[in-house]
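Have a look at the structure below before the remarks.
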Amino acid sequence: MKARLKEMEDEANKLRDMQAKVEEEMNTLPGGAEATASREEADGRSIHVGGVDYACTPEELQMHFQSCGTVNRVTILTDKFENPKGFAYVEFLEADAVANALLLADTEVHGRKIKVSAKRTNVPGMKA
């Protein structure tokens, strides 16, 4: 019994070492920490738009948020069959455009009221 316990402890230590090694490699890979910083910076310039009509195009959303600042990218998420999910992300060139865009909450696009919120950055391993 003690021998089996010793084997399990040794295996657990090996797994901890392997996990630490993988985490270290992820932080030292080209673009590892830099990519995370870049993603966080882009998320700081982005908004989440909910309640988007299924017939709405990225160009229409770009025109709607154009008054807030220069729109860099509009992404309307779709399911595996390419059907829109009803929400989108809008990325601006300037971070201060997010505050202006938040003022457009409850405005109408395609006859539907949209919800606008600042985009959050996903933390790996965290469940919302």
Exercise. If you count the non-hydrogen atoms of other residues, nucleotides and ligands that lie under 6.0 Å from CD in E7, is the total more than 12?
Worked result: yes

Exercise. Above 12 or not: heavy atoms from other molecules or residues under 6.0 Å from CZ of R112?
Worked result: yes

Close side-chain approach of [X] to [Y], heavy-atom, < 4.5 Å:
{"X": "I47", "Y": "V49", "result": "yes"}
{"X": "P84", "Y": "L77", "result": "no"}
{"X": "C56", "Y": "V109", "result": "yes"}

Specify the closest pair of heavy atoms between [X] and [Y], including all atoms of both residues, with the distance to one decimal.
{"X": "C68", "Y": "A97", "result": "O-CB, 3.5 Å"}
{"X": "L61", "Y": "A88", "result": "CD1-CB, 3.7 Å"}
{"X": "A101", "Y": "V116", "result": "O-CG1, 3.5 Å"}
{"X": "V98", "Y": "A118", "result": "CG1-CB, 4.3 Å"}
{"X": "S67", "Y": "L104", "result": "OG-CD1, 4.4 Å"}

Seminar exercise, completed: Residue pairs passing the ring-ring contact (aromatic ring centres under 6.0 Å, His included) test with at least one member in residues 74-94, sequence neighbours excluded, are H48-F87, H48-Y89

Problem set entry | Same cluster (ILVMFWY, side-chain, under 4.5 Å), L102 and V90 | yes

Exercise. Other hydrophobic cluster members with M63, side-chain heavy atoms of Ile/Leu/Val/Met/Phe/Trp/Tyr under 4.5 Å, chained?
Worked result: none

For this session: Start with the C-alpha distance between V52 and K85, add both sets of side-chain angles, then the distance that settles side-chain contact (heavy atoms from CB on, under 4.5 Å), and finish with yes or no.
Result: CA-CA 8 Å; V52 177; K85 289 186 171 184; over 6 Å; no

Seminar exercise, completed: d(F65 CZ, T70 OG1) to nearest 0.5 Å is 14.5 Å

Seminar exercise, completed: Rounded to the nearest 0.5 Å, the CE atom of M18 sits from the NZ atom of K14 at a distance of 9.5 Å

Exercise. Under the side chain to side chain contact (heavy atoms under 4.5 Å, CB included) test, which residues partner T78, sequence neighbours left out?
Worked result: E82

Exercise. Would you call K6-E9 a salt bridge at under 4.0 Å N-O?
Worked result: no

Exercise. Under the salt bridge (charged side-chain N to carboxylate O under 4.0 Å, His left out) rule, what pairs show up with a residue in residues 43-72, not counting sequence neighbours?
Worked result: E41-R45, D43-K119, R45-E91

Problem set entry | Any pair counted as salt bridge (charged side-chain N to carboxylate O under 4.0 Å, His left out), so long as it reaches residues 96-110, sequence neighbours left out | none

For this session: Give the C-alpha distance, both sets of side-chain angles, the deciding distance and a yes or no for side-chain contact (heavy atoms from CB on, under 4.5 Å) between M8 and R4.
Result: CA-CA 6 Å; M8 289 173 61; R4 178 71 178 134; 4.2 Å; yes

Problem set entry | side-chain hydrogen bond (donor to acceptor under 3.5 Å, both in side chains) against N13, all qualifying residues, sequence neighbours excluded | R16

